[in-house]
Amino acid sequence: MNTHVKITDSPSADLSRRSFLVGSAATGLVLGYAAVPGIDQALAAPSAFEPSVWFSIAPDGLVTVTCGKADMGQHIASTMAQIVSEELGSSWKDMRVQLASNDPKFNDPVLGAQITGGSWSTMMNFDAMSRAGAAGRIALTEAAASAMGVPASELVVRNSTVSHPKSKKSMSFADVVKSGKITKTFTPDELKAIKLKTPDQYTMIGVSVPQLDIPPKTNGTAKYGIDVMLPGMVYGKVVTPPVRYGATVKSVDDADAKKVPGFIKAVTLDDKTGSTTGWVVAVANTYANARKAADALKITYDGGPNAKLSSQSLIDEARRLQALDDSGQFFVKDGDTAAALGTAAKVLEAEYTTSINIHAPLEPMNATAQLQGDIWHIYSGNQFATRSGAIAAGAAGVDPKFVVMHQMWLGGGFGRRLDADMMVPAVQAAKAVGKPVKVIYSRENDMTMDYSRPLTFQKVKAGLDADGKLIALNHDVVSAWPTQRWGIPDFLSPSVDKKGPLDAFTVNGADFFYSVPNHNVRAIKNEMAHNATPSGQLRSVAPGWTFWAVESMIDELAHAAGQDPAQYRIALLDGKGKNDGGAQRLRNTLLAAMGLAGYGTGKLPKGEGMGVACVSSQERATASWTACVAHVAVSPSGEVKVKKLTVATDVGMQVHPDNIRAQVEGAALWGLSLAMYEKATLKDGGIEQTNFDTYTPLRMSQTPEVAVNVIANGDKPTGVGEPAVTVIAPALGNAIFNACGARIRSLPITAEAVKANMKA
């Protein structure tokens, strides 16, 4: 963090003349952010007070917070402003927000890379933004004390006013800024030593204040990537090959495209970043004409090495890899599972699968590229500006220091905009035609070229002793490795068997908080899937499939032991050893969900059942403890009606209660959608589903009642955007078993599968 409290004497230098910090990793990542348009698009006035790079106070008293995270509807910009406002002592009506990009002044050694994912934003920014606000308050207080001639210790800061109760003197923030008396600076150690408020002193945190981004999003002034308009701009429409990855363009016949009014050029991508293969961009004066020209192009392809692959191919390969004793690396290796399974009174084995899933955000992928002098300006909403700048630079063939990333509002991200493929056609088309180019994917482009949630295959083998106690569990997870694809070594984790780094974002959640003396988790990379369906991170990441397997198996074990599944979990959550603390919090959420749902309090009608699950998502070290009781009714034909989802979650400290409930509800419904309705399939190397008629997320008519219990205990805040996604599928599967005896082990859950597995 920039720790100097100062008055800015002049506006920031022209972005085209900035010196950009370049990472030392092999990928050449741009590190940091650049100030860009947001809600308040004006640069700070010369006399503005900038306590840190994260906010400034203008002479009119308005406080503008710069958000270094992507805002895709989760209101993280408002959350950052709320955290600053609490310590600063500002009035909420004076708060504004803007978005950051890759100006090096935002390169923060505390907050790290500009990435939005993992439900990390609030938990990882809370302390730094609080200290920024507190430093500003202290500086304002000392300046006001000097101006009023009173001791700083006697001043009170509230509602954007510094007041002295004894003399009844006061100065607004605007007055203090205009006084020019702010001189206080902080060293890093002094900043770290600031005593922050305790929860009992909060007046802003814990209050559901109006979200700052709602007015501009409703009146149209908030600008999304798709809204960007530049002078002289033309449009690009991508033509993608029938194979998801690995195809090459053999020839392009543009004779018919030349008949389209406004057609400029067909550009075959030469993408050295490896983000795309076999793509062509039709460039024209309007998007409509670009689409017409794209449709008129006659392109021949070499399908490449993945042209014959299907979903079944990927599953078959996963099974083959899992059967090998030496494949993969160990993520967890506790005790001796082989010996324990050999002496177990009862051994259960099961295989669990999940399908390819597509992000499909409402705003399709888009990017606008413009070359000004020797600087590339990229306008797009993205979740990983640190990496995206390097992708854009690689596409342009320039050093990353010559790329300025302009962050826009995101019309949905969910992990899709962690990737920057949309910037490649924009940059290369702009380079080819010598004009700014805006590329907009069609829905078909967006779906068939998504960096999807990977197809997964998991095998779990568990052993019980004579008392039904779980004594051993082996868990093999086979999938593509999305994080490894990024090529950033720091995002990989060392394996416990020292066989090399593994992608922990494919096995997180398998390192659960149940006490099991002998426990192995093996992460196995499916190279075939990794190459054929380059996968990404979809809201919930690995816990979306690992907990499907874990929580389904725990239920199976409980039934095998003749015990109630909820009570069986409670016994396993004893908090012993490394599970101290976490297990107790998870047990509490399970008890809360059970109580709210009325689990076990009465007999349900025939064909109905309740099922439980509890998870420590997103990651063991950054968990939000979450439990669900699902209530379903199953017809004789296998049709499942979800009657109610009851979710309890421990999030530590609530910054904005209404927003937390909204995110938990949304996450639960996304989890329901993945569990019951969403499935993409690979055929002949390509994704078969091209629009919402064949890829069918949850509809409003299918939405059940969702009850949410948020446990706020004053501990450090945790994330809420994803955890509830991961608990729904296993709770549903377990409820279905209790309703009709059908044990489902594959997602999405279908009526056919339920009927086929019903007990007679």
Side-chain angles (χ1 to χ4, degrees), residues 1-3 5 33 38-40 49-57 62-71 74-100 106 108 110-112 114-116 118-140 157-160 173 186 191-192 194-214 622 624 651-663 710 712-721:
M1 173 175 283
N2 179 342
T3 59
V5 177
Y33 322 136
I39 290 179
D40 185 340
F49 166 45
E50 295 187 68
S52 83
V53 297
W54 300 113
F55 75 95
S56 64
I57 306 176
L62 293 181
V63 181
T64 300
V65 174
T66 300
C67 178
K69 298 297 178 182
D71 196 307
Q74 85 280 36
H75 306 299
I76 192 61
S78 264
T79 298
M80 294 298 102
Q82 194 168 352
I83 296 168
V84 169
S85 180
E86 177 63 70
E87 290 289 347
L88 180 63
S90 57
S91 171
W92 190 244
K93 67 179 176 57
D94 294 332
M95 300 302 291
R96 303 291 186 270
V97 292
Q98 64 180 13
L99 305 177
F106 294 104
D108 194 309
V110 176
L111 303 183
Q114 189 186 4
I115 182 171
T116 308
S119 300
W120 295 336
S121 295
T122 299
M123 73 173 73
M124 290 188 177
N125 286 263
F126 186 87
D127 186 76
M129 298 303 276
S130 294
R131 292 185 186 283
R137 182 190 72 245
I138 293 168
L140 287 164
V157 183
R158 188 180 295 124
N159 292 326
S160 297
F173 281 8
F186 290 81
L191 194 69
K192 196 174 183 179
I194 291 175
K195 185 178 180 180
L196 300 176
K197 291 183 180 180
T198 54
D200 60 296
Q201 297 173 309
Y202 289 157
T203 59
M204 282 294 299
I205 288 174
V207 179
S208 297
V209 295
Q211 302 284 12
L212 298 176
D213 56 323
I214 294 298
T622 58
S624 286
V651 301
M653 183 187 301
Q654 293 191 86
V655 176
H656 193 292
D658 282 355
N659 190 38
I660 289 171
R661 293 184 67 86
Q663 289 203 57
V710 179
N713 54 22
D715 205 340
K716 66 179 183 180
T718 62
V720 296

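The shown structure was predicted, so the numbers you read here are calculated from the model rather than taken from an experiment. This chain uses plain numbering: 1 for the first residue, then up along the sequence.
- Expressed to the nearest 0.5 Å, how far CD1 of Ile83 lies from CG of Leu88 amounts to 13.0 Å.
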task: Carefully, step by step, assess Leu140 and Val157 under the rule side-chain contact (heavy atoms from CB on, under 4.5 Å).
output: CA-CA 9 Å; Leu140 287 164; Val157 183; 5.8 Å; no
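- Shortest non-hydrogen contact noted between Ala81 and Val65 is CA-CG2, 3.8 Å.
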message: Apply side-chain contact (heavy atoms from CB on, under 4.5 Å) to residues Ile76 and Cys67 and explain how you reach the verdict.
response: CA-CA 8 Å; Ile76 192 61; Cys67 178; 3.9 Å; yes
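- Across every non-hydrogen atom of Ile194 and Arg131, the tightest pair is O-NH1, 2.8 Å.
- Ser90 and Ser85 are linked by a side-chain donor-acceptor pair at a separation below 3.5 angstrom, with hydrogens and angles left out of the test.
- A pairwise comparison of heavy atoms in Ala134 and Leu196 identifies CB-CD2, 3.9 Å as the closest pair.
- Under the 4.5 Å side-chain criterion, counting only non-hydrogen atoms from C-beta, Val651 is in contact with Ile660.
- With hydrogens and angles ignored, the 3.5 Å screen pairs no side-chain donor or acceptor of His75 with any backbone N or O of Ser78.
- Side-chain contact, Ser160 with Ser91: no donor N or O sits under 3.5 Å from an acceptor N or O.
- Distance check, rounded to the nearest 0.5 Å: CZ of Arg661 to CD of Gln654 gives 8.5 Å.
- The shortest side-chain heavy-atom distance between Met653 and Pro199 falls under the 4.5 Å cut-off.
- Here the closest non-hydrogen pair linking Gln201 and Lys197 is OE1-CA, 3.3 Å.
- At least one donor-acceptor pair under 3.5 Å links the side chain of Gln114 to the backbone N or O of Ala100.
- The nearest pair of heavy atoms linking Met80 to Thr122 is CE-CA, 4.2 Å.
- What you find for Pro51 and Gly136 is that their closest heavy atoms are CB-CA, 3.8 Å.
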- request: Decide side-chain contact (heavy atoms from CB on, under 4.5 Å) for Asp213 and Asp71; before the verdict, give the C-alpha distance in whole Å, the side-chain angles of both, and the deciding distance to 0.1 Å.
  value: CA-CA 9 Å; Asp213 56 323; Asp71 196 307; 3.9 Å; yes
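- Between the Ser52 side chain and the Ala132 main chain, no donor and acceptor come within less than 3.5 Å of each other.
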Full working for side-chain hydrogen bond (donor to acceptor under 3.5 Å, both in side chains) between Thr64 and Gln98: CA-CA 7 Å; Thr64 300; Gln98 64 180 13; 5.8 Å; no
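- If you take OG1 on Thr622 and CH2 on Trp120, they are separated by 7.5 Å, rounding to the nearest 0.5 Å.
- A donor-acceptor distance shorter than 3.5 angstrom exists from the side chain of Gln82 to the backbone of Val655, with no hydrogens or angles considered.
- Judged purely by atom type and a 3.5 angstrom limit, Arg137 uses its side chain to pair as donor or acceptor with the backbone of Glu87.
- Rounded to the nearest 0.5 Å, atoms OG1 (Thr79) and CD (Gln74) are 7.5 Å apart.
- Taking the side chain as every heavy atom from C-beta outward, Ser119 and Thr718 never approach each other to under 4.5 Å.
- A side-chain donor-acceptor contact under 3.5 Å links Thr116 to the backbone of Ala70.
- For the atom pair Thr203 OG1 and Arg158 CZ, the distance stands at 7.5 Å (nearest 0.5 Å).
- Rounding to the nearest 0.5 Å gives a distance of 14.0 Å between OG of Ser121 and CZ of Phe126.
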message: Run the side-chain contact (heavy atoms from CB on, under 4.5 Å) test on Trp92 and Val207 for me, step by step, so that the C-alpha distance in whole Å, both residues' side-chain angles and the decisive distance to 0.1 Å come before the verdict.
response: CA-CA 11 Å; Trp92 190 244; Val207 179; over 6 Å; no
